[in-house]
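To keep things clear, I will list the structure first and then write my remarks on it.
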Protein chains: 2
Amino acid sequence: MTETSRLDFDPIERAGQLWHEHFGEATDEMLLATSIMRVQQLMLARLDAALKPFGITFARYEVLVLISFSRAGSLPLSKIGERLMVHPTSVTNAIDRLESQGLVVREADGSDRRRTLASLTAEGRRVVEQATRALHDIDFAVDGLAPEQQRQAFDLLRAMRSAAGDFPA
Amino acid sequence: MTETSRLDFDPIERAGQLWHEHFGEATDEMLLATSIMRVQQLMLARLDAALKPFGITFARYEVLVLISFSRAGSLPLSKIGERLMVHPTSVTNAIDRLESQGLVVREADGSDRRRTLASLTAEGRRVVEQATRALHDIDFAVDGLAPEQQRQAFDLLRAMRSAAGDFPA
DNA sequence: CCCCGATAGTAGGACATCCAATGAATTGAC
DNA sequence: GTCAATTCATTGGATGTCCTACTATCGGGG
């Protein structure tokens, strides 16, 4: 059989057809919504696959990059969550794993003892550099679109984020 | 401080700026990748919020819809995973929850005892109808784009999926 | 007619994300 | 100055997704 893959057909098209039969219009919205989810799913899978050799996921890679960008070499966990726009508990989780992997270390913040700072270890710096190269090699999984199309896509997504209130007023 | 929200600024723009400083080009790819992830995150949050009154998530909603579309009124779990393009274990998980909620029931397939069929209960049918109305009311969280832009976005995402090998050859 | 490979569903484990609640520390208002 | 409100990080719980492994069943080839 040729059923070796779950991607043997286009379920979104198929689902779309069904939606038209049952609900008429408003189907385009549904198709766009599911497309975004699917693209994210595919892209994340490719990104994670490219990072697998380094033992990290894209979520943790983003944390490493953010810390490596910090001028002081370390960042409070709250800042990380803020910039990555994820819940504080997600940051705690990521830092827990990165720390147990020996890629980052937690330090106390002398000026504000509520805070915990995270900084890269030598190994962490090494990993983030190599991982970055690996991601560049796969064009961050967004190949398939010409540069101009990438701009276009970015602008459209930006409009969606804006409408969802993703930017400061 | 004005630090009352995690969305106080645009972390993607900020990160993009940093990327340019450190890595030069190849930054647009990064921006597009993170935008897609962010839009998906926002959209899913809005969809789940709209479905919360019904006690289901978008993932489970999709399962309900798929079953409601089936001509026979029931579907093998494998078909569900295939059409939604999720792993078989994700389907088992979703059906487990839906069944414990009394929205679907598992039945044995007489013709192939390896299979398990899932069908909607009366309550399941009621929920999927109301949930669909609720999602229509929020335009499936893809408002913010005019119909023409939605088409455009869909086409671009389709190209990305195609490049990622998401369609049959 | 039987056996090996393919298919269906599930169990267990790893990850990531969110929410609610908690404890510690800081800050602002009176 | 002191106390309440806020902020920071963490723990515990719920979801969803994937992978690996395992059992049961089906089916075609010898």
Spacing between B:Ile56 atom CD1 and D:dG16 atom C1', to the nearest angstrom:
14 Å
The side chain to side chain donor-acceptor pair (under 3.5 Å) partners of A:Ser111 (sequence neighbours excluded) come to A:Asp109
Within one Ile-Leu-Val-Met-Phe-Trp-Tyr cluster: B:Leu117 and B:Leu64, side-chain cutoff 4.5 Å
no
Separation of atom CG in A:Asp112 from atom P in D:dT6, rounded to whole Å
17 Å
Contact class for A:Thr116 (heavy atom, under 4.0 Å): base, sugar-phosphate, or nothing?
sugar-phosphate
Could you list the donor-acceptor pairs under 3.5 angstrom formed between side-chain atoms of residues 147-155 of chain B and any protein atom two or more places apart in sequence or on another chain?
unit_1: B:Gln149; atom_1: OE1; unit_2: B:Ala146; atom_2: N; d: 3.0
unit_1: B:Gln150; atom_1: NE2; unit_2: B:Leu145; atom_2: O; d: 3.1

Could you list the residues that satisfy side chain to side chain donor-acceptor pair (under 3.5 Å) with B:Arg106, not counting sequence neighbours?
B:Asp96, B:Glu99
When rounded to whole Å, the CD to P distance for the pair B:Gln40 and D:dG16 reads 14 Å
In whole angstrom, what separates A:Arg115's CZ from D:dT10's C1'?
17 Å
Can you tell me if the side-chain N/O atoms of B:Arg60 get under 4.0 Å from OP1 or OP2 in D:dG16?
yes
Under the side chain to side chain donor-acceptor pair (under 3.5 Å) test, which residues partner B:Ser90, sequence neighbours left out?
none
Inter- and intrachain pairs under salt bridge (Lys or Arg N to Asp or Glu O under 4.0 Å), touching residues 130-140 of chain B, at least two apart:
none
Looking only at the side chain of A:His87 (C-beta and beyond, no hydrogens), which of the listed nucleotides C:dA8, C:dA20, D:dG16 gets closest?
C:dA20
Any N/O donor-acceptor pair, B:Arg114 side-chain to C:dT7 base, under 3.5 Å
yes
For the side chain of B:Thr89, counting heavy atoms from C-beta on, which of D:dT20, C:dA8, D:dT25 is nearest?
D:dT20
Using a heavy-atom distance cut-off of less than 4.0 Å, which residues of residues 90-110 of chain A contact DNA chain D?
A:Thr92, A:Arg106
Compare side-chain N and O positions of B:Ser78 against OP1 and OP2 of C:dG9 and report whether any pair is under 4.0 Å apart.
yes
I'd like to check A:Val63 versus A:Val91 (side-chain heavy atoms, cut-off strictly below 4.5 Å). Are they in contact?
no
Given DNA chain C, 5'-ward residue of the pair A:Ser111 and A:Ala59, judged by closest heavy atom:
A:Ala59
Can you check whether A:Arg113 has a side-chain N or O nearer than 4.0 Å to OP1 or OP2 of D:dA9?
no
Among pairs that include at least one residue of residues 43-60 of chain B, which meet salt bridge (Lys or Arg N to Asp or Glu O under 4.0 Å), considering only residues two or more places apart or in two chains?
B:Arg46-B:Asp143
By side chain to side chain contact (heavy atoms under 4.5 Å, CB included), which residues pair with B:Thr121, not counting sequence neighbours?
B:Val105, B:Glu123
Starting from P on D:dG16, measure out to CD1 on B:Ile80 and report it in whole angstrom.
14 Å
Grab the CE-P distance between A:Met37 and C:dA16 for me, whole Å please.
20 Å
With a 4.0 Å cutoff (strictly under), does any side-chain N or O of B:Gln41 reach OP1 or OP2 of C:dC18?
yes
In whole angstroms, the gap separating C1' of C:dT7 from CD of B:Glu82 amounts to 11 Å
What's the shortest heavy-atom distance between A:Val128 and A:Thr132, and which atoms?
O-OG1, 2.7 Å
Residues within residues 44-55 of chain B bordering DNA chain D, heavy-atom distance below 4.0 Å:
none
Rounded to whole Å, how long is the line connecting atom CE of A:Met43 with atom C1' of C:dA16?
15 Å
